[in-house]
Amino acid sequence: MFRDSFVCRRCGRCCREYAGRFSLPRSQVLEWREKVFDSRFGRYPAIKFVSMDYTIQGVDGIFFHPETGEHLDFCPFLKCDETGGGVIGGVCSCLIYSDRPLGCRRYPFTGEFVDLSKTVCPVVRDIRSKLKKLRR
């Protein structure tokens, strides 16, 4: 029921809350070495968001500022429309949707531990409420 009921509302909350917690599989790091992405910082080689020195040794998290190397609080590829003032409340989209990390593709069914009891995702909250009602 949970998987079948999940329809993303494009609120961007997951991109703000969970994006930096996932790791990027090595196979995706290798793919990103050859790509250039648009981001809220401008257009940069994709690997700059993973590793400042272009190495792939020891890469275990995402995302980093492409110039300073500082770990980012939320996804640099999140774009929200103006109905929400460019923040949560508007319709959001992913600037790298076809190249997004595996954890993002699978969210909220990531295979990594994500405490869905404390989720910021309104769809997950709604489904959890429905499941609780069914248990009664």
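Note that the structure is predicted; figures quoted are calculated from it, not measured.
- When all heavy atoms of Val50 and Val29 are compared, the pair lying nearest together is CG1-CG2, 4.4 Å.
- Taking every heavy atom of both residues into account, Gln28 and Asp99 meet most closely at NE2-O, 3.5 Å.
- Here the closest heavy-atom approach between residue Pro122 and residue Arg9 is recorded as CB-NH1, 3.4 Å.
- No side-chain heavy atom of Phe77 sits less than 4.5 Å from a side-chain heavy atom of Arg100.
- The shortest non-hydrogen separation linking Gly69 to Phe64 is O-CD2, 3.3 Å.
- For the residue pair Cys80 and Arg16, the shortest heavy atom distance occurs at SG-NH2, 4.4 Å.
- Atom CD1 of Ile47 and atom CD of Glu34 lie 9.5 Å apart (nearest 0.5 Å).
- When each of Ser93, Cys92, Ser39 is paired with Leu78, the side-chain contact (heavy atoms from CB on, under 4.5 Å) condition holds for Cys92 and for no other.
- Between the NE2 atom of His65 and the NE2 atom of His71 there is a distance of 13.5 Å, given to the nearest 0.5 Å.
- Rounding to the nearest 0.5 angstrom, the gap separating the OG atom in Ser98 from the CZ atom in Arg105 is 7.5 Å.
- Note: Phe63 and Trp32 have parallel aromatic rings, judged against thresholds of 30 and 60 degrees for the angle between ring planes.
- Taking each heavy atom of Arg40 and Cys75 in turn, the nearest pair found is NH1-O, 2.7 Å.
- By the 4.5 Å heavy-atom criterion applied to side chains, Leu72 and Phe41 are counted as neighbours.
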